[in-house]
Amino acid sequence: MNHYSYPRLRTGLLLVLLVSILAACGTADADDPTATPETQNAGQTGGATIVVSNVDNSNPAQKIEEFQPLADYLAANLEEFGITAGQVVIAQDTDEMARMLGDGESDIYLDAAIPALDVCDAAGCTFALRQWKGGTPNLMGVFVTTEAAGITELDDLKGQVIMLEQPHSTVGHILPLVTLAEAGIATVSVDSPEAEVGPDEVGYYVSSGGQT
């Protein structure tokens with residue numbers, strides 16, 4: 001399930017970030033290592049915890065920091081339903097995320113379009129909300145190069161290595177690979193930006209920090 005079926009995708013769909021939410025709320029494990037002290041204490045006092053989740057195998061701590069304010073906001077506004085805390089749990093991959101949703105370990109799953117489609121196809125969840133990112137409902141990706149490189153079109157990338165974000169990123173990873181594939185340009189994963197690739201293919205290197 002982690003290998004996305006690029007040929008069936010459409011560019012317009014790739015540019016949309018989606019959010020899915022389950023109808024039923026579950027209770028998080030207060031001993032989970034990703035829980036903050038506040039959520040752990042809430043679990044110990046018997047209150048229910050609403051769990052927000054995402055997929056990231058590169059920097060889960062950063063994702064927890066990013067989504068914790070949302071989890072706290074939801075908890076603060078759902079007290080009448082017995083919710084006393086919000087927790088963020090990050091899955092390592094889409095397989096784990098689908099399992100978490102299926103087992104009721106996650107209440108709200110936020111992600112980019114393609115991973116979300118992959119997860120919900122396996123878990124049977126449906127989309128409920130559309131996420132705006134950076135103040136806009138749509139995102140577009142661009143190929144950035146230096147003027148000195150003399151690269152003005154996609155064919156000029158042949159024989160070169162480009163850097164992408166982590167595989168779960170729609171705009172920063174999946175969309176560039178789809179764009180090259182639609183142009184008939186072969187791509188190959190490489191271990192470093194200095195790697196050598198064939199004259200008719202483009203190598204891609206995943207940024208260790210998750211950002212290009």
Side-chain angles (χ1 to χ4, degrees), residues 1-4 14-21 28-40 49-75 85-101 103 105-120 122-123 125 129-136 138-144 161-178 187 189-195 203-212:
M1 184 172 62
N2 292 315
H3 301 284
Y4 307 110
L14 286 170
L15 298 180
V16 179
L17 294 181
L18 299 174
V19 178
S20 61
I21 180 171
D29 184 349
D31 294 327
D32 192 291
T34 61
T36 63
E38 291 76 14
T39 58
Q40 290 174 343
T49 300
I50 188 167
V51 179
V52 177
S53 57
N54 183 260
V55 176
D56 192 332
N57 63 1
S58 61
N59 194 346
Q62 179 181 342
K63 286 291 186 178
I64 292 173
E65 181 179 358
E66 177 183 348
F67 290 121
Q68 189 61 51
L70 172 62
D72 293 338
Y73 173 83
L74 292 172
Q87 180 183 355
V88 179
V89 177
I90 305 301
Q92 290 293 306
D93 52 39
T94 53
D95 288 324
E96 183 180 15
M97 188 68 256
R99 181 196 61 75
M100 288 169 54
L101 289 171
D103 292 346
E105 297 176 13
S106 173
D107 304 307
I108 300 176
Y109 165 51
L110 300 96
D111 215 332
I114 303 310
L117 285 171
D118 203 21
V119 168
C120 286
C125 57
L129 298 172
R130 182 180 183 180
Q131 178 189 7
W132 283 39
K133 190 171 184 180
T136 177
N138 300 318
L139 291 180
M140 297 185 66
V142 295
F143 290 91
V144 179
V161 174
I162 62 175
M163 183 173 288
L164 302 178
E165 293 185 23
Q166 294 295 318
H168 58 263
S169 172
T170 299
V171 176
H173 187 104
I174 299 172
L175 183 55
L177 294 183
V178 171
T187 58
S189 176
V190 297
D191 295 329
S192 75
E194 292 77 26
Y204 64 92
Y205 171 74
V206 177
S207 169
S208 58
Q211 301 291 328
T212 55

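These values consider heavy atoms only, across backbone and side chains, with no hydrogens, waters or symmetry-generated copies.
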(request) Check side chain to side chain contact (heavy atoms under 4.5 Å, CB included) between Ala71 and all other residues, then give those that pass, not counting sequence neighbours. (result) Val52, Gln68, Val88
(request) Report the distance from atom CD1 of Ile90 to atom CE of Met97, rounding to the nearest 0.5 Å. (result) 8.5 Å
(request) Indicate the atoms forming the closest heavy-atom contact of Ala122 with Ala98, along with that distance. (result) CB-CB, 3.9 Å
(request) Indicate yes or no: at least one non-hydrogen side-chain atom of Val55 is less than 4.5 angstrom from one of Pro115. (result) no
(message) I'd like to check Ile108 versus Leu74 (side-chain heavy atoms, cut-off strictly below 4.5 Å). Are they in contact?
(response) yes
(message) Quick one, Glu105 and Val89 - any side-chain contact, counting heavy atoms below 4.5 Å?
(response) no
(message) What's the separation between atom CG in Asp72 and atom CD in Gln87, rounded to the nearest 0.5 Å?
(response) 11.0 Å
(request) With rounding to the nearest 0.5 Å, note down the distance linking CG in Asp118 to CG in Asp93. (result) 10.0 Å
(message) I'd like to know if the side chain of Asn138 pairs up with that of Thr136 as donor and acceptor (distance under 3.5 Å, no hydrogens or angles considered).
(response) no
(request) Would you please name every residue forming a side chain to side chain contact (heavy atoms under 4.5 Å, CB included) with Val161, sequence neighbours left out? (result) Val190, Val197, Tyr205
(request) State, yes or no, whether a side-chain contact exists between Leu177 and Leu164 at a heavy-atom distance under 4.5 Å. (result) yes
(request) Return the set of residues passing salt bridge (Lys or Arg N to Asp or Glu O under 4.0 Å) with Asp191 (not counting sequence neighbours), or none when no residue passes. (result) none
(request) Considering non-hydrogen atoms only, spot the tightest contact between Asn57 and Gln166 and give its length. (result) OD1-OE1, 3.7 Å
(message) If I compare all heavy atoms of Pro167 with all of Val206, which pair ends up nearest, and what's the gap?
(response) CD-CG1, 4.3 Å
(request) Check ring-ring contact (aromatic ring centres under 6.0 Å, His included) between Tyr204 and all other residues, then give those that pass, not counting sequence neighbours. (result) His173
(message) Taking side chain to side chain contact (heavy atoms under 4.5 Å, CB included) as the definition, give me every residue that meets it alongside Phe143, ordered by chain and number, with sequence neighbours left out.
(response) Leu154, Leu157, Ile162, Pro176, Thr179, Leu180
(request) Starting at CG of Asp56, measure out to CD1 of Ile64 and round the result to the nearest 0.5 Å. (result) 9.5 Å
(request) State which residues pass side chain to side chain donor-acceptor pair (under 3.5 Å) with Asn54; sequence neighbours excluded, sorted by chain then number. (result) none
(message) Please evaluate residues Leu70 and Leu110 with respect to the criterion side-chain contact (heavy atoms from CB on, under 4.5 Å), reporting the C-alpha separation (whole Å), side-chain torsions for both, the decisive distance (0.1 Å), and the verdict.
(response) CA-CA 11 Å; Leu70 172 62; Leu110 300 96; 3.9 Å; yes
(message) For a quick test of reading the model, state the closest non-hydrogen atom pair linking Glu96 to Gln92 and the distance between them.
(response) OE1-N, 2.7 Å
(request) Could you pull out the closest heavy-atom pair between Asp107 and Ile50, with the gap in Å? (result) OD2-CA, 3.4 Å
(request) State which residues pass salt bridge (Lys or Arg N to Asp or Glu O under 4.0 Å) with Glu66; sequence neighbours excluded, sorted by chain then number. (result) Lys63
(request) Identify the two heavy atoms, one from Ala113 and one from Thr170, that lie closest to each other, and give their separation to 0.1 Å. (result) N-OG1, 3.5 Å
